[in-house]
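Labels below follow one simple rule: chain letters A, B, ... track the order of the sequence lines, proteins then strands, and each chain is numbered from 1. The structure presented is a predicted model; accordingly, all values stated were derived computationally and were not measured. Heavy-atom basis, side chains included; hydrogens, waters and symmetry copies ignored.
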Protein chains: 2
Amino acid sequence: MTKGEETRQFIIEKAAPIFNIKGIAATSMSDIMEATRLSKGSMYVHFENKDVLACAAVDHNIKVLGDKLLSKLSKCKTAKEELFTYIDFFSNAVHPPLTGGCPLLNFGTEADDTNPIVKEKVNKGINFNQQLLEKSITKGINNGEFKPNWNAADFATVVFAMMEGGHLISRMSSNNDKMQIITKTLKNIIEENSL
Amino acid sequence: MTKGEETRQFIIEKAAPIFNIKGIAATSMSDIMEATRLSKGSMYVHFENKDVLACAAVDHNIKVLGDKLLSKLSKCKTAKEELFTYIDFFSNAVHPPLTGGCPLLNFGTEADDTNPIVKEKVNKGINFNQQLLEKSITKGINNGEFKPNWNAADFATVVFAMMEGGHLISRMSSNNDKMQIITKTLKNIIEENSL
DNA sequence: CTTTAAAATGACCGAACGGTCATATAATGC
DNA sequence: GCATTATATGACCGTTCGGTCATTTTAAAG
């Protein structure tokens, strides 16, 4: 990795949590300068403008979160274990895997009506999550862990939606109680569909 | 209502959808000037600064949405009707009741780590929704519509979380299919708990 | 109608914004 | 070690930001 690539990566890593916490619009290039201790000119050597940097930061946040999740999932043996691991991974909304909370929720709501590029990145991230869940369920059905008539795609959507909704509720109240109701409910449904 | 109060209200009504669509940070006073066709000085007669106007716009968005919902709910006879009406009211995320989507989601994620006042407004809005749902369920249990062992508070949380999560998914994909899975699932659970 | 207070105006302010560029420095290939 | 290219710097630019204020216009009260 050349010096330039190293610096570019360094900027992204410093910028990513700031964008996730403050949002794209509310984050200034000065914020990134302060965090990286780099000059303004240097930032523009590696990113042609703020939008490009913001996009790179969005990508990085989503990727880091996905990698952490995949790392946990790779240690699972059964499909049920995978689903429980997924739920547990996101179960603490007050102290979530990424500072600032879920980037799909944060960037998604901000980009919604204003930034189609970021919106599409978030959409892909959501689909990735749902497909992960669906694969685990299908795997569990195929190997006899789960009831064969369970609708994998539908439950994948339900899990993702409930976790994101619970995330919102618990972050707004700075209290994880409601998120625990969500995780408990989801785990009960999984148990009901286990053989 | 005096002229001043009228103008203040007029500004709020014009500003509210802009804040809901663009977010607080990305909305400028110039945006509001353009929408209201009022001078900058006039804005500051009625609002001491942008934060105060933004708070008023957040309040207004949440109130308008709540009023629309309560209006629909007031026409319901049974508890089950109330729950179905709640779900149907939010069932179209691509063309939601408020332009820009759910203000609790929009302002909540933006305010999360940066604006404790707005965050608390959103928190109150979430609690209001959950309590509405819980009351309907409790009412249905008490009048024999629903199974007596149904956990009203828990299901209220589940409904709200799933609707918000479904809202996010469907808005990011600009497609309501996933939201329909959510509503179908919720209605099924309600039917299962009906007597 | 007159008086007085409230509301509306737009020029103006300093600060912060995103972005540029000549210059200086450091890394890289020969 | 030298030449060349890539990277880093910070002063600088035009624009927009949130916000102020003297002045004018309008509404409200007597």
Touch class at under 4.0 angstrom, heavy-atom based, for Ser42(A) against every strand present: base
Residue pair Ile87(A) / Met163(A): nearest heavy atoms and the distance that separates them: O-CE, 3.4 Å
Atom pair distance, as rounded to whole Å: CD in Glu6(A) and P in dA26(C): 16 Å
Criterion ring-ring contact (aromatic ring centres under 6.0 Å, His included) against Phe155(A), the qualifying member of Tyr86(A), Trp150(A), Phe160(A): Trp150(A)
Hydrophobic cluster membership, Ile181(A) vs Ile126(B), 4.5 Å side-chain cutoff: no
Distance, rounded to the nearest Å, where Met33(A) contributes CE and dG18(C) contributes P: 11 Å
Degree of bending, the helix from dC1(C)-dG30(D) to dC30(C)-dG1(D) (end axes from five pairs; round to 10°): 30°
Asn49(A) CG to dC17(C) P, straight-line distance once rounded to whole Å: 17 Å
Phosphate OP1/OP2 of dT28(C): any Thr2(A) side-chain N/O under 4.0 Å: no
Touch class at under 4.0 angstrom, heavy-atom based, for Gly4(A) against every strand present: sugar-phosphate
Which atom of Gln130(A) lies closest to which atom of Ala156(A), heavy atoms considered: O-CB, 3.4 Å
Nearest-0.5 Å distance that lies between atom CZ in Phe90(A) and atom CG in Leu98(A): 8.5 Å
Salt bridge flag under 4.0 Å for residues Asp154(A) and Lys184(B): yes
N-O pairing of Asp59(A) and Lys124(A) below 4.0 Å: no
Non-hydrogen atoms of Pro103(A) and Leu65(A) that approach each other most closely: CD-CD2, 3.6 Å
Test side-chain hydrogen bond (donor to acceptor under 3.5 Å, both in side chains) applied to Ser136(B) and Lys80(B), Glu82(B), Glu81(B), Gln131(B), the passing residue: Glu82(B)
DNA chain D: 5'-proximal contact among Asp31(B) and Glu48(B) (nearest heavy atom): Asp31(B)
Reference residue Asn20(A); test side-chain hydrogen bond (donor to acceptor under 3.5 Å, both in side chains); the match among Asn106(A), Thr27(A), Asn61(A), Thr99(A): Asn106(A)
Whole-Å distance separating the CG atom of Leu38(B) from the P atom of dG10(C): 11 Å
Gap between atoms CD1 and P, on Ile32(A) and dG19(C) respectively (whole Å): 13 Å
Protein-nucleotide distance (Tyr44(B), atom OH; dA7(C), atom P), rounded to Å: 18 Å
Residue whose nearest DNA chain D nucleotide is more 5′ - Met1(B) or Ser30(B): Ser30(B)
Sugar-phosphate only, base, or nothing, as touched by Thr27(B) at under 4.0 Å among non-hydrogen atoms: sugar-phosphate
Atom pair distance, as rounded to whole Å: CD in Glu34(A) and C1' in dA16(C): 14 Å
Distance in angstrom units between Asp51(A) CG and dC17(C) C1', rounded: 14 Å
Bounds of contact between DNA chain D and chain B, in 5' to 3' order, using a heavy-atom cut-off under 4.0 Å: dC17(D) to dA28(D)
Under 4.0 angstrom between His46(B) side-chain N/O and dA8(C) OP1 or OP2: yes
Lys3(B) side-chain N/O to dA7(C) phosphate OP1/OP2 under 4.0 Å: no
